Amino acid sequence: MKQSIVSPQFNIQVENVMTWNVKPLLHEIRHSLNRLIETGESSVIDLRSIPLAPGEEEKILTALGRGELRAELDALGKSEIIETQYAGVWLISHYNENEEIIGRFIEVTVMPDILCSQSADMIDASQRLAEALQDTGGNNEGG
Amino acid sequence: MSDRKNTAQADLTLGEVLRKRGISRRSFLKFCAATASMMAMPPSMVPAIAAALEKARRPSVIWLSFQECTGCTESLTRSHSTTIESLIFDHISLDYHHTLQAAAGTHAEAARIASMEENFGKYLLIVDGSIPMGNPGYSTIAGVSNHDMLMETAKGAAAVIAVGTCAAYGGIPHADPNPTGAVSVGDLIKDKPIINVPGCPPIPVVITGVLTHFLTFGELPELDHIGRPMAFYGKSIHDRCYRRPFYDKGLFAETFDDEGAKKGWCLYKLGCKGPTTYNACATTKWNDGTSFPIEAGHPCLGCSEPDFWDGGGFYKALSMPTENITQNIIYAAAGAAAAGVAVGALNRAKKSKAQATHQKVKLEDLNK
Ligand code: SF4
């Protein structure tokens, strides 16, 4: 698992003025946040779909910062879900089992779907729990 | 590589296979989010992708390699998001691929014939490499010429995917003077849907993205005028290049080690073919999303375009007069992306002119 939300950058010489995608993206996030507040509509931005210069992703992530909540998911590799310092703006990073990043999204939402328990999993869980109880003979007094 | 023990799985949908393996719905959602990103689809498509993948059935795939360097297979097998791809690849039945399969000789050919018969009309045919028409003996597999094997195998295919610039447009074997009489898949197959996935090699996730699209929706993705999926080849490198602000300001590196090169300025004058090249390198990038040639300081060679090898020199600037660039950009007031399209179109016209006069790469071009 990569510890930092900021991906390592290679030392490629770039002038410091290279921020043409950072500001528009932050504006887009602000508009999405207003939409969420006014209409309840969530939005998702796939960071892979945006042409970023070396260091720009880092700048975006630094600008968003970390907020109060951080969750780690263990499903086909790790995923890190953090609420940024701006409530309602979440950063979701999916990794595979080799700890390589396979997707990074900014979600503007009350609660990212991936954190919610899924109904198929709950049905399966209820069955497993019933089976586990049967295995113990329904005796809840037993040690 | 598939074998008969896998046929039991053939009737299961991908959703059923994943559930049998104990993969939770939440994991499946993560898988779908990464898959949408891989297919260059907007995240809003995730529910549709989840619904389609849930029901997707296991397709049979036959992969033929003709006049090629195996770079495309190398690229594919180094596809970085191993978890996601392995789920997809466990799900397809790769019945014949002479580099990857264990069987050889008559057994390998028997596997191909068996798969063709069993899945007639339904299997996916993937081809890398061009087909020599000069002399059938230039390239053969099990004594069968590439042409005959392609025509025979294409008969029962649902669709053909031409992977790499050689299969899509002839590529390096087709370069002037084309000693083997190399042609592309599309030159020979006229009665099947063909998807061209060019690149030398194509970006690994672009190959898997196209396969996944077919697996997910059971149909071809939207294609451009030369058969490439719009999702990956819809924008030029130049449209999405992070050095674009320098191009717009007229700031160019003149040599590979001058101040401009060190400051990361535009590589146009060093021969960058970004304005006439359509591919996903600038956003998808290479090597686990690390970088792409322009980010490493080298101009784009234009490898996903037909005849890129004969484009008049890798280090020769596209023939648009650079002093007018800023002017042109101002005229194209519709915005930077539109200007990119305009410049691209203009350069494409000039490029075809260069091709018509058969300019060759000279030593001075390389030493420029
Ligand atoms: S010419 Fe090449 S380096 Fe310059 S902006 Fe276009 S794609 Fe990027």
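No experiment lies behind these values; they were computed from the predicted model shown. Every chain is numbered from 1, with letters handed out A, B, ... down the list of sequences.
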Nearest-0.5 Å distance, [atom1] of residue [X] to [atom2] of residue [Y]:
{"X": "A:His94", "Y": "B:Ser37", "atom1": "NE2", "atom2": "OG", "answer": "9.5 Å"}
{"X": "B:Leu29", "Y": "A:Cys116", "atom1": "CG", "atom2": "SG", "answer": "10.0 Å"}
{"X": "A:Met122", "Y": "B:Ser24", "atom1": "CE", "atom2": "OG", "answer": "12.5 Å"}

Between [X] and [Y], is there a donor-acceptor pair closer than 3.5 Å when you use the side chain of the first and the backbone of the second?
{"X": "B:Lys30", "Y": "A:Lys78", "answer": "yes"}
{"X": "A:Asp46", "Y": "B:Pro43", "answer": "no"}
{"X": "B:Arg26", "Y": "A:Asp113", "answer": "no"}

| field | Per-residue contact mode, B:Ala282 against chain A (heavy atom under 4.5 angstrom) | value |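 It is the backbone, since no side chain atom gets that close.
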| query | Quick one: are A:Leu76 and B:Phe31 in side-chain contact, heavy atoms under 4.5 Å? | reply |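 Of all side-chain heavy-atom pairs linking B:Phe31 with A:Leu76, at least one is under 4.5 Å.
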Side chain, backbone, both or neither: which part of [X] has an atom under 4.5 Å from a heavy atom of chain B?
{"X": "A:Ile114", "value": "both"}
{"X": "A:Ser117", "value": "both"}
{"X": "A:Leu115", "value": "backbone"}

| query | Where is the tightest heavy-atom contact between B:Ala33 and A:Phe105, given as atom of each residue plus distance? | reply |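 Taking B:Ala33 first and A:Phe105 second, the nearest heavy atoms are O-CZ, 3.5 Å.
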| field | Minimum heavy-atom distance between B:Arg240 and A:Pro51, given as atom pair plus value | value |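 Shortest heavy-atom separation between B:Arg240 and A:Pro51 comes out as O-CB, 2.8 Å.
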| request: Quick one: list whatever passes side chain to side chain contact (heavy atoms under 4.5 Å, CB included) with A:Leu26, sequence neighbours left out. | output: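 If we apply the side chain to side chain contact (heavy atoms under 4.5 Å, CB included) test to A:Leu26, skipping adjacent residues, the hits are A:Val22, A:Ile29, A:Ala63, A:Leu64.
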